[in-house]
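Note sheet for the following structure.
One-based numbering, in listed order, for ligands and for the atoms of each. Reckoned from all heavy atoms, side chains included, excluding hydrogens, waters and symmetry mates.
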Amino acid sequence: MTQDILARRNGAAGHISLNRPRALHALTLDMVEAMAAALLEWRDDPTIEAVLLDHAVAEDGDPKLSRGFCAGGDVAAVRRSALEDGGAAGRAFFFAEYRLNHLLFTYPKPVIAFMDGITMGGGVGIAMPARFRVATPKTLFAMPESAIGLFPDVGAGWYLSHLPERVSPRIGPFLALTGARLDGAECLWAGLATHYLEEPGLAAAKERIAADPKQAQAILDEHSAQAPEARLAGNEQAVARLFASDRLEDIFAALEADDGKWAGKELATLRSRSPLTMKVSLRQIAEAKHIASFADEMKREYRLAARIIMEPDFAEGVRAVLIDKDNAPRWNPATPEGITQAKLDELFAPLPAEQEWTPYEF
Ligand code: QUE
């Protein structure tokens, strides 16, 4: 049993705390399996009425070690797998991680996720399926995969195409392409979070929910704090205008034609991202609007993940951002024009039947 996940009973709630602080609680296969095992056990336990999901805070209180809720997945291990075993271990990781994402999405009891720190990639995948998603002053939310030659997975195709109607539908593609970092107030504004809490209300809410899970919503409402203004709301019109197209070439052209400071900054960001994975994510989000179920989305994302980890951009992106940290990836192809429709069709195609992703059976 891994100690990187703490799973225990807290009153009438199950309580899962991520406990790998030195990696900002990034998910390993062991952690994914331990979380799924606890959730499967509690699903059929009538004395468990809800599940709390947060990160453990280090005993010695080192603030550096409590910055993260969950910074992603163990992509360095996936990269080694791509280079050394043909990607088999990497595919096994994503298969299990997406099963966990789907188990949370379909969980019959309320799950309350506390995004009290860095919440990226794999962290988004376990927080977003929760019925209640709590943002805080420490929340830093992003789907930054285009920086490492991956695409926004863990169900992001679903979430980024199903934002509330009051938000521009182009916010989803914007977040996927740029990997923009949102604070807690921006998460609440975009509907990525359902609540915004500050200490001491945060700790009080956890204790009260554990004692009386049926009142989770009322307790979170009662302890909610006034969130600051969401900066992203001020840029929503610019996002809607400049990221209007599902063609990456059009978005580049729109940003290039705009001489504003904001457009210049976003253009520089896009020029540093993987053209291949940006094109994949635009198509993924556009198509996800028409997907019938979350399980179908995960099946699609698994096809993409199984193939994209073997593309050169993935090993190169993880090298540049997480291993050598030179932040100077050399993408291949280097420009959007280098990626054909036929290449995208190959990446999105079904896998042989025996390799396709499947959810846990109920
Ligand atoms: C883009 C990403 C990831 C990232 C940084 C990016 C990502 C990811 C991690 C990460 C961070 C800390 C860890 C770790 C992984 O960083 O997906 O194991 O300790 O998992 O710019 O997509």
Side-chain angles (χ1 to χ4, degrees), residues 2 4-5 18-32 35 55-56 58 62 64-82 87 89-91 93-94 96-98 100-101 115 117-128 138-157 159-160 174-182 266 268-278 280-281 284-285 301-302 304-305 308-309 311-331:
T2 177
D4 294 345
I5 290 291
L18 309 182
N19 187 37
R20 196 174 163 240
R22 277 169 184 79
L24 297 174
H25 311 286
L27 299 175
T28 62
L29 180 59
D30 277 352
M31 291 164 74
V32 164
M35 289 176 75
H55 71 277
D62 181 345
K64 267 217 219 65
L65 294 182
S66 63
R67 286 188 303 130
F69 163 65
C70 177
D74 193 355
V75 285
V78 177
R79 176 179 185 270
R80 280 194 300 278
S81 163
R91 289 189 294 277
F93 172 72
F94 286 122
E97 185 186 29
Y98 297 177
L100 171 64
N101 299 148
M115 306 188 284
I118 294 168
T119 304
M120 303 195 309
V124 172
I126 55 175
M128 287 303 294
K138 288 201 277 179
T139 300
L140 195 156
F141 174 107
M143 287 306 288
E145 287 83 359
S146 65
I148 61 165
L150 195 59
F151 66 102
D153 65 336
V154 295
Y159 305 119
L160 297 180
F174 167 74
L175 295 177
L177 295 180
T178 62
R181 297 172 167 213
L182 306 194
E266 300 308 321
T269 299
L270 289 202
R271 285 193 174 133
S272 74
R273 303 299 195 233
S274 159
L276 176 67
T277 59
M278 284 192 288
V280 165
S281 66
Q284 174 202 4
I285 294 168
E301 291 188 8
Y302 181 73
L304 287 170
I308 288 215
I309 60 172
E311 292 290 326
D313 274 9
F314 176 67
E316 172 61 5
V318 175
R319 180 204 65 73
V321 172
L322 293 171
I323 297 174
D324 297 341
K325 302 190 201 283
D326 60 21
N327 287 309
R330 295 167 60 129
W331 302 125

| CE/M120 to CE/M115 distance, rounded to the nearest 0.5 angstrom? |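 Those atoms lie 14.0 Å apart.
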| query | CG of D313 to CZ of F151: how many Å apart, nearest 0.5 Å? | reply |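 So the gap between those two atoms works out to 13.5 Å.
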Which residue supplies the protein heavy atom nearest to [atom], what is that atom called, and how far is it?
atom	result
atom 19 (O) of ligand 1	A23 O, 3.1 Å
atom 4 (C) of ligand 1	M120 CE, 3.9 Å
atom 10 (C) of ligand 1	A71 O, 3.8 Å
atom 22 (O) of ligand 1	I148 CD1, 3.2 Å

| said: Heavy atom to atom 16 (O) of ligand 1, shortest distance: which of N327, V75, L322 holds it? | reply: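 Looking at heavy atoms only, L322 sits closest to atom 16 (O) of ligand 1.
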| said: Looking at non-hydrogen atoms alone, which of A77, A76, P144 comes nearest to atom 6 (C) of ligand 1? | reply: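 The option holding the nearest heavy atom is P144.
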Can you give me the closest heavy-atom contact between [X] and [Y], atom names plus distance?
X	Y	result
F314	I309	CD2-O, 3.5 Å
Q284	P152	NE2-O, 2.9 Å
L29	A96	CD1-CB, 3.6 Å
C70	L27	SG-CG, 3.7 Å
S281	L177	OG-CD2, 3.7 Å

| Any idea how Y302 and Y98 line up, ring-wise: parallel (<30°), tilted (30 to 60°), or perpendicular (>60°)? |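 Aromatic pair Y302/Y98 classed perpendicular.
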Counting from 1, what ligand 1 atoms have a heavy atom of [X] closer than 4.0 Å?
X	value
E145	22 (O)
A26	13 (C), 14 (C), 18 (O)
G72	20 (O)

| said: If you measure every N or O of G73 against every N or O of ligand 1, does any of those distances drop under 3.5 Å? | reply: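 Yes; the residue has a nitrogen or oxygen that sits under 3.5 Å from a nitrogen or oxygen of the ligand.
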| message | Taking only non-hydrogen atoms of V321, do any sit less than 4.0 angstrom from ligand 1? | response |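 It does; at least one heavy atom falls under 4.0 Å.
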| Does ligand 1 have a heavy atom under 4.0 Å from the side chain of L24, from its backbone, from both, or from neither? |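 It is neither; nothing of L24 touches ligand 1.
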